[in-house]
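Working notes, structure below.
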Amino acid sequence: MAQSQSNVAYQVMWNRLISVVEEQAQALVRTAFSTSVREAGDLSAGVYDTHGRMLAQAVTGTPGHVNAMADAVAHFIRRIGRQNIFEGDVYLTNDPWEGTGHLHDITMVTPSFHNGVLVGFFACTAHIVDIGGRGFGADAASVYEEGLYIPIMKFAERGEVDDTLVRIVRGNVREPDQLIGDMYALATCNEIGHRRLIEMMEEFGLDDLEGIAAFILDNSRRATLERIAALPRTSAEGEMTVDGFATPITLKVKLTIEEDRIVSDFTGTSGVDKKGINCPLVYAKAYACYALKCAIAPEIPNNAASLAPFEIEAPENTIVNAVHPAPVALRHIVGHFVPDTVYDALDKILPDVVPAEGAGCLCNFQVSLRPRTDAPAPAGAVRSEVLTFNSGGSGARPEHDGLNATAFPSGVMTMPIEATEHAGPVIIWRKELRPDSGGAGKQRGGLGQYMEVGAREGHEFDFQAMFDRVDHPARGRRGGKAGACTTIAQDDGSKMYGKGKQFVPHGRKVMLALPGGAGYGDPAERSFDLVKRDLLRGYITAETAKRDYSLSDADIADVDAKARKGDTA
């Protein structure tokens, strides 16, 4: 009976820990300076035991951050040294290989003390808009060009902030107030987590977290291993080809299910690229583990033990295991395609489980605005860096359509126009769903979106493109059709590239059509009611309804009549 009561209490504490780290994450959302954190949720937060093992993660955040951060805290402990960990300390880094994959993410780690004894750590990560160097983009030829590198070090010792570090950071970035504000926001959110943890420990009479840590990790490990043990012992291979920078890249994986682990081996994947789309292994691992966990054990909480049975291997100097000093600024592009590569293999082992391919990587861009140089600029013209997060469509699922303009696998939110335009003199002239962009299927792929981007009067800008699927659309599954490709050009028809910094003169706009997700299953099996609903809502055109779904002229006329009456049900 005592053991039963103990387990009940531990379950309550486990749930409380998840609430603690969610409050930690929300504190970061409320206090961050960068719109990528406040509006898109490009962050992570978690609590760790004294060994650096992640016990709980916040619901708010992105798996690339949190799963990479799961490995990072152990690096902090090793680099700082246990003898140098003091109450009131705060540590930070943006090391791509010991943090979350590129210089534009800052990870903060704070030791948590209770009654003078170290009981655990809090960690959080946020994307920051500028870190100096060439700026956020794929143009660099090495990590040295990509910005300021901050090794694992102390942001504060015993409560005293390192002013020298702050001055160095301020002197090397384009948006110093924003970046320093974000650093303090990261430190503050860890402090909020610490306070709530101590409240919980005092409420339950805990001197340390050893008991609850063992309960969480043992149960998570056992539950995950049970799921893996129920799967067939077999192997399958998957691959996909995407645009890359100047030449296409191919991701390959061999998935092997064993009794107590699943191994993903990326041997055969393309080599390191000359430009900054390379992915450190820590980030590729984060998304490979996420993909498998979503498919096999989605309801088991994410922590060190539930992630451990998913093992990732890749030869060094492949594009998913780029080593220093490879350029890695846009590592998310390759990293976000890892799940679809894994699913290409897993679908051969577990049919009717995983979705069709989606847009994959986020459809982000950064705009570097400045007063026009071709003629006198108005007095109010300013320089500004504006980063905006956007998404194409996600792939159709075995039983459901894909989600429109929704990021998978990153899970971050599309930023609202108002927040983007508030960040600088940028104008979003158009932002709407893109009809016909979702691949046809029994389940339709999610729609991409149209965007038109310009600047306020008196400004010109550099447009930093971070797109893919210009030449390689999302592929359908089980007979589903491909999604639409990405297109990008200026409004005068001038061609633009899917990646890289490109100049846009005063008065010009960038015209974007973001990619759609692919379909799942034979389009002939799609319900006519769903086809007519899609037509009525404007998700597809009459031409697509006839060509892909064999909808009759009479049915189309009936839909038109309903549309004239305003019926969009």
Side-chain angles (χ1 to χ4, degrees), residues 21 24 43-57 61-86 89-112 118-128 131 143 146-157 162 165 169 183 186-187 189-190 193-194 209 213 217 278-290 302-305 307-308 310-314 316 320-326 328 331 335:
V21 291
Q24 176 193 0
L43 61 99
S44 63
V47 61
Y48 299 72
D49 68 6
T50 55
H51 306 289
R53 298 176 298 184
M54 185 170 71
L55 302 180
Q57 67 155 90
T62 175
H65 279 174
V66 75
N67 286 356
M69 202 171 70
D71 291 340
V73 174
H75 292 305
F76 277 83
I77 297 171
R78 175 172 54 87
R79 295 286 188 190
I80 298 295
R82 289 190 179 274
Q83 72 280 8
N84 296 317
I85 295 175
F86 308 122
D89 282 1
V90 182
Y91 316 127
L92 86 166
T93 194
N94 66 343
D95 187 309
W97 290 272
E98 295 188 352
T100 59
H102 67 174
L103 297 177
H104 281 78
D105 285 340
I106 289 182
T107 298
M108 284 269 189
V109 173
T110 302
S112 187
L118 178 68
V119 294
F121 296 88
F122 282 89
C124 57
T125 299
H127 182 95
I128 45 94
I131 195 66
V143 72
E146 293 184 322
L148 176 67
Y149 163 65
I150 307 171
I152 291 177
M153 61 182 297
K154 293 191 177 186
F155 175 67
E157 182 173 85
D162 187 335
L165 169 63
V169 172
M183 290 169 68
L186 286 159
C189 93
N190 279 354
H194 162 71
L209 298 179
L217 299 176
N278 301 294
C279 186
L281 182 61
V282 65
Y283 195 77
K285 176 185 174 183
Y287 274 107
C289 291
Y290 175 69
N302 206 48
N303 53 53
L307 291 171
F310 303 113
E311 299 182 11
I312 312 302
E313 300 173 357
E316 287 190 353
V320 293
N321 187 7
V323 298
H324 189 275
V328 292
R331 53 75 170 113

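The figures that follow rest on heavy atoms only: side chains count, while hydrogens, waters and symmetry mates do not. All values reported here derive from a predicted model rather than from experimental measurement.
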Check whether any side-chain N or O of [X] sits under 3.5 Å from a backbone N or O of [Y] as a donor-acceptor pair, and report yes or no.
X: D89; Y: I85; value: no
X: R331; Y: T100; value: yes
X: N190; Y: M108; value: yes
X: N321; Y: A314; value: yes
X: Q57; Y: S44; value: no
X: Q24; Y: A123; value: yes

If I compare all heavy atoms of [X] with all of [Y], which pair ends up nearest, and what's the gap?
X: F121; Y: P111; answer: CD2-CA, 3.6 Å
X: G120; Y: T50; answer: N-CG2, 3.7 Å
X: A288; Y: I312; answer: CB-CD1, 3.5 Å
X: A286; Y: G64; answer: CB-O, 3.9 Å
X: A284; Y: C279; answer: N-SG, 3.6 Å
X: M69; Y: G46; answer: CE-N, 3.8 Å

Any side-chain heavy-atom pair from [X] and [Y] closer than 4.5 angstrom?
X: I131; Y: L148; result: yes
X: E98; Y: T93; result: no
X: H75; Y: D95; result: no
X: I128; Y: M183; result: no
X: V328; Y: E146; result: yes

Looking at residues at least two apart in the chain, or sitting in another chain, which of them share a ring-ring contact (aromatic ring centres under 6.0 Å, His included) with Y287?
->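 If we apply the ring-ring contact (aromatic ring centres under 6.0 Å, His included) test to Y287, skipping adjacent residues, the hits are Y283, H336.
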
Does H51 have any ring-ring contact (aromatic ring centres under 6.0 Å, His included) partners at least two apart in sequence or in another chain, and if so, which?
->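 H51: no ring-ring contact (aromatic ring centres under 6.0 Å, His included) contacts found.
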
Any ion pair linking D162 and K154 (charged N to carboxylate O, less than 4.0 Å)?
-> no

E311: partners by salt bridge (charged side-chain N to carboxylate O under 4.0 Å, His left out), with sequence neighbours left out | R261

Please assess T107 against T125 for the test side chain to side chain donor-acceptor pair (under 3.5 Å), listing each intermediate value before the final yes or no.
-> CA-CA 4 Å; T107 298; T125 299; 2.9 Å; yes

Mind running side chain to side chain donor-acceptor pair (under 3.5 Å) on N94 and Y149 for me, showing each step along the way?
-> CA-CA 6 Å; N94 66 343; Y149 163 65; over 6 Å; no

From [atom1] ([X]) to [atom2] ([Y]), nearest 0.5 Å:
X: F155; Y: Y91; atom1: CZ; atom2: OH; value: 13.5 Å
X: I106; Y: I150; atom1: CD1; atom2: CD1; value: 4.5 Å
X: D71; Y: W97; atom1: CG; atom2: CH2; value: 16.0 Å
X: N303; Y: N67; atom1: CG; atom2: CG; value: 10.5 Å
X: M153; Y: I80; atom1: CE; atom2: CD1; value: 8.5 Å
X: L217; Y: M54; atom1: CG; atom2: CE; value: 10.0 Å

Only one of I152, L165, L186 clears side-chain contact (heavy atoms from CB on, under 4.5 Å) with L92; which?
->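 Considering I152, L165, L186, a side-chain contact (heavy atoms from CB on, under 4.5 Å) with L92 is found only for L165.
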
